[in-house]
Amino acid sequence: MYYNAVFISDWTKRSELLLEKVGDVLNKVGCQEVSLPTTVYDEEKPISIVFAGQYSAGKSTIIKALTGIEDIEIGEGIKTIETHFYDWNNIQVVDTPGIHTTLRPDHDEISYKAIASADMLVYVVTQELFDDFLGDNFRKLLLDKDKATEMILVVNKMADVGNTEKNQKIKLKDLERVTTPYSPTDLRTVFIDAESYIDSLSEDDDEIASELNKRSNYEQLVNTINAFVHDKGYVSKITTVLYKLYEILQDTIPAFQSSTGDNDVDMTEEYLLRERHIILQTMWQIESSVKAIYESAASEIRDKGRLAANELLDCSDEVEASSMLEKAYDDVKDISMRCEREIIEKIEALTRDYQGELDEFYNSEFVSSLRVNLSKRKDKDNAVIKGILESDTISKGGEMLVQTTVGKEPLKNGLKALSGSKAHEWVKNIGHFFGHDFKPWEALKWVKGLKIAGKVLGITGVVVSLGAQIKEDIDADQRRNEMRENREIIRGGFNEVAEKLIIHYNKLLENYINENYRKRIDVIDNNVQEIRALRKDKTEACELLETTQDECRQLISDIHRTGELLYENSPV
């Protein structure tokens with residue numbers, strides 16, 4: 001259970017307020033020339049959530065329930081006739097007209113334009129589900145527009161039949177007719193009654209309000225959206241900008257801060273901040289380059305599915321079709337294995353660069369001087385130095401054991417030992433994070449066992465209704481329908497593999513970055529806080545900058561904590 005809140009909305013709201021505050025603080029201390037990010041996302045446009053589906057399915061009611069925007073009109077007879085845009089904590093929420101009817105084909109054009117650019121699509125139908133016309137067009141959206149992996153399918157108005165587990169199972173079975181080759185689970189199907197949730201908010205009787213809330217199943221919708229946020233890796237999109245804000249504040253603070261009165265402590269802070277900068281730059285490089293590798297691999301797999309589906313039409317018999325599909329299956333396997341190999345090679349290369357940069361830093365005159373100074377003081381009873389150098393906060397991180405700095409052979413080991421060996425260990429441990437026995441191409445096997453006219457192919461189970469015997473037994477229309485279904489199954493299978501690959505590597509990358517980079521950054525930040533607490537007679541500007549930086553650090557921590565909760569509660 002996640003909480004009754006959409007995390008990404010809370011994250012963006014708090015991040016947007018912090019971005020505004022950082023700008024105000026910099027202006028107040030006289031640093032107006034500093035260039036800040038313009039948005040909490042590291043790109044031009046905000047994340048967009050598009051609500052589409054049937055007329056009168058309750059899209060506007062769901063939007064009102066999620067966002068709390070009061071001026072959204074809902075109720076009987078209210079029908080959205082044009083696209084409405086709502087700013088929900090810097091997330092663009094789009095309410096579209098009803099689509100896939102024979103009454104207003106112009107509405108389809110309006111809605112599809114919004115759907116095309118959606119980061120998340122919430123497709124809404126009523127408990128009556130799909131008629132033939134709506135179902136055919138929905139399948140085109142799934143397959144022709146490749147929107148299955150960006151969709152949450154919502155069945156609304158379930159109070160009309162009873163939003164019970166038994167009725168949900170019946171509806172799930174009915175939905176399979178339309179969602180094939182995807183399952184309703186693949187489309188993150190949720191059964192809700194949005195009006196019941198809206199009513200529960202104004203109900204004075206607690207018992208009735210609780211019953212309305214339970215009937216609405218609103219919490220499952222929120223949890224589903226939060227899981228989607230996890231799968232798409234939106235955590236790193238927001239924290240990237242927050243880390244940049246932290247760096248900007250860090251670069252500004254030295255001009256306003258006083259000395260601790262101890263030159264070695266001041267140098268230790270500078271040392272920590274330089275190391276932090278090196279770590280952060282490497283972390284960003286790894287995140288961006290690794291994501292580019294697996295997103296490119298997913299795109300290749302989708303293309304293979306489209307090509308295989310199209311080539312099916314050119315196959316003269318089942319043997320040729322089977323051979324073609326087996327080759328496509330092997331190609332996907334090769335792409336997936338190459339993807340893992342390229343990820344490991346990329347991280348190894350970047351880690352070697354990281355190691356070299358750290359080595360150069362640790363061999364610098366600045367660090368050599370600090371190492372000598374610290375070694376001279378290792379046995380002296382200086383509470384300030386001892387408190388910093390033997391801090392539990394430092395040692396807990398694992399990657400930097402400060403005891404080494406004041407250990408038995410400080411001149412031999414010194415600060416150099418704080419990084420070099422660990423960076424080499426990280427290279428060795430990459431396989432621990434990315435060398436899993438992951439075989440996303442096996443998702444293609446879920447189509448095994450499909451039978452048409454008694455003929456079944458081997459490796460994928462897809463049947464090609466060609467050959468003299470089948471032509472005699474089955475009329476042309478049926479053959480065409482079977483061929484269309486086979487092509488949809490092929491494309492759907494390959495798309496599922498691509499999505500599994502992205503979700504898998506999103507999670508592994510997040511874990512790898514957390515363990516090897518963010519934890520070390522947290523350790524450094526805690527240390528810097530301890531050093532700053534030693535300073536007296538701080539200027540007002542310095543205190544304001546440090547307080548704002550602490551808020552930034554706390555928000556990053558909160559986002560990672562809730563992000564980890566999402567990862568823990570979702571499968572690889």
Side-chain angles (χ1 to χ4, degrees), residues 49-66 72-81 94-108 110-112 114-115 121-145 147-148 151-200 211-221 224-225 485 488:
I49 306 176
V50 173
F51 289 76
Q54 286 176 302
Y55 275 97
S56 300
K59 297 184 295 295
S60 299
T61 306
I62 296 172
I63 294 173
K64 186 168 186 175
L66 285 171
I72 298 176
E73 290 187 281
I74 61 174
E76 293 297 328
I78 302 296
K79 295 181 175 61
T80 303
I81 60 174
V94 185
D95 190 7
T96 64
I99 58 177
H100 303 159
T101 75
T102 56
L103 301 176
R104 294 293 301 271
D106 58 316
H107 283 183
D108 283 13
I110 294 171
S111 297
Y112 273 120
I115 288 170
L121 173 62
V122 181
Y123 193 96
V124 186
V125 295
T126 69
Q127 49 83 20
E128 295 178 354
L129 306 184
F130 296 90
D131 58 27
D132 289 342
F133 183 80
L134 185 65
D136 285 343
N137 283 276
F138 178 76
R139 288 172 64 78
K140 290 178 183 177
L141 186 66
L142 286 185
L143 299 159
D144 295 344
K145 304 294 184 182
K147 283 294 178 180
M151 179 184 297
I152 295 173
L153 177 58
V154 175
V155 181
N156 192 25
K157 302 192 176 182
M158 282 295 292
D160 293 352
V161 294
N163 199 5
T164 64
E165 185 176 346
K166 178 181 178 181
N167 285 336
Q168 289 177 11
K169 287 181 178 179
I170 294 171
K171 298 294 182 184
L172 284 171
K173 192 67 177 175
D174 289 344
L175 283 171
E176 290 177 359
R177 174 181 62 87
V178 174
T179 63
T180 301
Y182 299 96
S183 71
T185 303
D186 293 331
L187 304 182
R188 306 175 186 272
T189 302
V190 184
F191 296 90
I192 69 168
D193 192 80
E195 191 171 339
S196 292
Y197 178 75
I198 294 290
D199 290 344
S200 74
E211 181 58 35
L212 287 169
N213 197 317
K214 182 179 178 182
R215 180 197 301 171
S216 73
N217 201 28
Y218 174 77
E219 185 174 327
Q220 186 182 356
L221 176 60
T224 302
I225 293 174
E485 290 177 5
E488 290 176 355

- prompt: Is there a side-chain contact (heavy atoms from CB on, under 4.5 Å) between T189 and K171 once you walk through the steps?
  reply: CA-CA 10 Å; T189 302; K171 298 294 182 184; over 6 Å; no

message: Quick one, F138 with V125, criterion side-chain contact (heavy atoms from CB on, under 4.5 Å). Give me CA distance, side-chain angles, the key distance, then yes/no.
response: CA-CA 11 Å; F138 178 76; V125 295; over 6 Å; no

message: Checking L221 against L66 for the side-chain contact (heavy atoms from CB on, under 4.5 Å) test, could you report, in this order, the C-alpha distance in whole Å, the side-chain angles of both residues, the deciding distance, and whether it holds?
response: CA-CA 9 Å; L221 176 60; L66 285 171; 4.3 Å; yes

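Rounding to the nearest 0.5 Å places CZ of F130 at 11.5 Å from CG of D174. Going from atom CG of D160 over to atom OG1 of T126 covers 8.0 Å, rounded to the nearest 0.5 Å. We find the CZ-CG distance between R177 and D132 to be 6.0 Å, quoted to the nearest 0.5 Å. Taken to the nearest 0.5 Å, the NZ atom of K166 stands 6.0 Å off from the CD1 atom of I170. Rounding to the nearest 0.5 Å places CD1 of I192 at 13.5 Å from CZ of R215.
Under a 3.5 Å cut-off, the side chain of K157 and the backbone N or O of G58 do not form any donor-acceptor pair.
Counting only heavy atoms from C-beta outward, the side chains of V122 and V50 never approach each other to under 4.5 Å. Proximity of F51 to V94: side-chain heavy atoms (C-beta onward) are nowhere separated by under 4.5 Å. Side-chain contact check for L129 versus L175: some heavy-atom pair is nearer than 4.5 Å. Between I49 and L121 there is no side-chain heavy-atom pair separated by less than 4.5 Å. For the pair V154/I152, a side-chain contact is recorded, criterion being any heavy-atom separation below 4.5 Å from C-beta on. Contact of the V124 side chain with the V155 side chain is not registered, since no non-hydrogen atoms from C-beta on lie closer than 4.5 Å.
The side-chain hydrogen bond (donor to acceptor under 3.5 Å, both in side chains) check on T164 picks up N167, with sequence neighbours excluded. Qualifying salt bridge (charged side-chain N to carboxylate O under 4.0 Å, His left out) partners for K169, counting only residues two or more places apart in sequence or in other chains: E165. Scanning for side chain to side chain contact (heavy atoms under 4.5 Å, CB included) contacts around N163 gives M158, Q168, F191, N217, with sequence neighbours left out. Every residue two or more places apart in sequence or in another chain that forms a side-chain hydrogen bond (donor to acceptor under 3.5 Å, both in side chains) with R188 is listed here: D231. Residues passing the side-chain hydrogen bond (donor to acceptor under 3.5 Å, both in side chains) test with S216: none are found, sequence neighbours excluded. In this structure S200 satisfies the side chain to side chain contact (heavy atoms under 4.5 Å, CB included) test together with Y197, L212, N213, sequence neighbours excluded. With sequence neighbours excluded, the residues that form a salt bridge (charged side-chain N to carboxylate O under 4.0 Å, His left out) with E176 are K173. By the side-chain hydrogen bond (donor to acceptor under 3.5 Å, both in side chains) test, D193 is found to be paired with S196, residues two or more places apart in sequence or in another chain being considered. Listed by chain and number, the residues in a side chain to side chain contact (heavy atoms under 4.5 Å, CB included) with D136 amount to none (sequence neighbours excluded).
Across all non-hydrogen atoms, the minimal contact from N156 to A194 is OD1-N, 3.0 Å. When all heavy atoms of Y218 and A65 are compared, the closest pair comes out as OH-O, 3.3 Å. Between T179 and L187 the shortest heavy-atom distance is CG2-CD1, 3.6 Å. Here the closest non-hydrogen pair linking T61 and E195 is CG2-N, 3.9 Å.
S60 and D95 share a side-chain donor-acceptor pair at under 3.5 Å.
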